[in-house]
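Chain identifiers are assigned alphabetically (A, B, ...) following the order of the sequence lines, protein sequences preceding nucleic acid strands; residue numbering begins at 1 within each chain. Because only heavy atoms are used, hydrogens play no part in the values below, and waters and symmetry mates are left out as well, while side chains stay in.
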Amino acid sequence: MADDEHKPKRRKTKTANDASVVKIGNKTISLSAYLAPEKKPLEKPPSIQEPVATEEPQRDVIKENDPQTQTPHPPKRTTSNGDPSLLKSRKALPIWAHQSEIKASLRGDNDLLLIVGETGSGKSTQVPQFLCDEPWCRRKKAQVQSDTVNVGGMIAITQPRRVAATTLAGRVAREMGTPLGASREGSVGYSVRFDHNVPKGTKIKFLTEGMLLQELLRDPNLRQYSAVIVDEIHERSVDVDLIAGFLKQILSGDKVGRGGIPLKVVIMSATADVEKIQTFFAPHNSRSPVRLLQIKGRQYPVEIKHTSKPVTDIQEALLKQIFDIHLHEPLPGDILAFLTGQEEIESAQRLIEEYCETLASDVPKLLVCPLYGQLSIQAQQNAFLPAKKGFIRKVVLATNIAETSVTVPGVRYVIDCGKAKVKQFRSQLGMESLLAKAISKSSAIQRTGRAGREGPGKCYRLYTSATYDSLKEADLPEILRNDVLGAVLTMKARGINDILSFPLMDFPDIESVEKALIHLHFLGALADDGTITEVGRKLALFPISAPYGRVLLAAREPQYDCLLEVIDIIACITSGDNIFHQLQSEEVREEVEEYRKELYRREGDILTYLTTMQRYAAENADRIEWCKKRKVNIRNMKQALNIRKQLRGICLKEKLLTETPPPDPQPFVPMSPERAISLLKCFMKGFGTKCALLAPDSSYVTIQGKHVVAIHPSSVLHGQKREAIMFLEHVFTQRSYVKKVSTIQADWIVEAMEGH
DNA sequence: AGCTTTCCC
């Protein structure tokens, strides 16, 4: 259709007079097979049996700890003695029957237990409660060298995500009759970044994996704990892999640092593939394997349907599947479709909505809800709210955010495209890639399970069963996909000199470890002999990556003298994906760019971030309105202020700052061009290797590796030609892009290298 | 040659 050619991106359905045909790109797809000749009224749903109680707390429903964002089923009120109905539901959990077995298995000399419990088994809430009254869990006095110290008394339980840690803590606190926030004393607490609630008398402390790692740096023996429970180890984050390594060392060590008192360790996983974990924790000289307890979960059955032939066009198959479900399956029952990214979601949404308009009026409406991380909280909220009763069905188009991070209520039908975008660091190239790849079986199973949380469901896989069989069992653990710079620094700071001998369930390539060691040496974090330096020790204390930490330390040196400014910039950069929203249409662009003019600096993104933070902090009237006008991400700016406060706090504690900075709002004073140069040179201390020069053919070529790179469209320098640039990120997506770009002079590169 | 899966200190 020629009239569509001027808008190639906007795919259109055909006119309403031919409702059985959809046009996608240059293809015409017939939907007639799905439009039943006589549109039979949708049946009432069969009466659903009483749910078999997936008595996991209502966690993960909401991303942020926003008091506004209540779960669809608000928590029951409790009395100060605990709600008897809570005990009743606890007893209904599959894990309840194993209580004495779990207690018994950790008494005596056995310090390690592995529990495999599927979704809904209740392990996260119950296991710590089972253990916290055990005799070994009391705080004891012990001799460490010549000191008398307290050892034990608390149980730590780690979670990969903040929301999980805080909501589980809330749930367990209520179950134990000491609700959080009700009193200054209680038996349950939590600790996540920017949010700590550990009442006096806490026996059970939920924390994120990153928090426990920080505690490990300060106390390698974890003396305040009698036990550590590692939950969701199957997710295999870098942090949980490091924790597993440290715990293995503590278990097999001499316990001198704990005054001879053992640390009990419980490892919990949701997937049945446990051999690796068992082998990892098995002591070298032991004949007895690691004790293992397997507990069934409580899920409704989900019927799985594969395609008979490989799918060539995901959008087409998706559209057909959605309308097939919609026209043939009863209400209620929402649809959750897993797609790879924002663009795919947006184009699918357009197609569905356009096709919906052609549906007959007696067909229930479809409400399309996109769901991905960059979406604002309010926009995400739509996906969680129940659709209006009766004549409407919700279709949630999600990235893999809906796989583990959030739970969408009301879903009975899952559509799985079989792919996900995966970040992979290529240490040889010093860059990362972000590309859509086939998911693993375990990921496919996880997606399928999302259909069976509230009743029996169906999962439509947009791939064949042969394709499913060919999938890898599990995803590559993050430690094999990420830059190991941070992991190596954490080990070094925790006193692990010989990185190669550190116990890890999966060990990264030797070359990538070597690259990380060299990089850390370049940053001054390691001495020539590979031992950690004072600089390295400091870097490990900051909640930012080592190169940013190095810039922060340099900023305090007299020739740069820009610590507060560097903190502002790093706070913006590490607050989220991008503090600037992407501008969609041309009209919005023109209007917003007019406002953004006062933020943009010709020196590039670093100075633009600084200006943005300074103007935001100077804004005293209405920061929300200020952000809206400039299309600045409010969530990220609030987060940036939190990070700024935390970084300032650490700098004060570490004596990098001598006095408390003045409170907001401060009048905005633009940084002079001279100081801007000094600031950029300061960033070269951390990113001196990440520069590119303009080649005669006006492409940019990196100084290390000689890669041709393009300035990413999100940069204020996009489309501009400068002699030399410094970039903070290098990602391959559609092509090789550099992000967070600043103008530099070529001779600074030499200057920056001379110090090393 | 105009863009970004998801967490976390």
Among the nucleotides [options], which one has an atom lying closest to any side-chain atom of [X]?
X	options	value
A:Y372	B:dT6, B:dC9, B:dC3	B:dT6
A:K421	B:dT4, B:dG2, B:dC9	B:dT4
A:P713	B:dT4, B:dC9, B:dG2	B:dG2
A:R161	B:dG2, B:dT5, B:dC7	B:dC7
A:R735	B:dC7, B:dT5, B:dA1	B:dA1
A:T399	B:dT5, B:dT4, B:dG2	B:dT5
A:Y737	B:dT5, B:dC3, B:dC7	B:dC3
A:H712	B:dT4, B:dC9, B:dT5	B:dT4
A:R589	B:dC3, B:dG2, B:dC9	B:dG2

Indicate yes or no: does [X] engage [Y] in a salt bridge with an N to O separation below 4.0 Å.
X	Y	result
A:D506	A:R236	yes
A:E534	A:R537	yes
A:R556	A:E654	no

- Pairwise 5' ranking along DNA chain B for A:N578 and A:D239, keeping only the more 5' one: A:N578

- Item | Nearest-nucleotide 5' precedence on DNA chain B, A:A540 against A:N400 | A:N400

Give [X] one of three labels, base, sugar-phosphate or nothing, depending on what nucleic acid heavy atoms sit under 4.0 Å from its own.
X	answer
A:Q734	sugar-phosphate
A:L434	base
A:D577	base
A:T733	sugar-phosphate
A:R236	nothing

Grab the [atom1]-[atom2] distance between [X] and [N] for me, whole Å please.
X	N	atom1	atom2	result
A:I401	B:dC8	CD1	P	10 Å
A:F727	B:dT4	CZ	C1'	18 Å
A:E586	B:dC3	CD	P	14 Å
A:L435	B:dT6	CG	P	15 Å
A:E343	B:dT4	CD	P	8 Å
A:K437	B:dT4	NZ	C1'	17 Å
A:L339	B:dT6	CG	P	12 Å
A:Q582	B:dG2	CD	P	13 Å

- Task: Quick one: list whatever passes ring pair (Phe, Tyr, Trp, His ring centres under 6.0 Å) with A:Y460, sequence neighbours left out.
- Result: none

- Report yes if a side-chain nitrogen or oxygen of A:T208 is closer than 4.0 Å to either non-bridging phosphate oxygen (OP1 or OP2) of B:dC8; otherwise report no. no

- Item | OP1 or OP2 of B:dT6 under 4.0 Å from side-chain N/O of A:Q374 | no

- Item | Residues, nucleotides or ligands: over 12 heavy atoms within 6.0 Å of A:F194 CZ | yes

- Message: Checking A:Y609 now: which residues fulfil side-chain hydrogen bond (donor to acceptor under 3.5 Å, both in side chains) with it, not counting sequence neighbours?
- Response: none

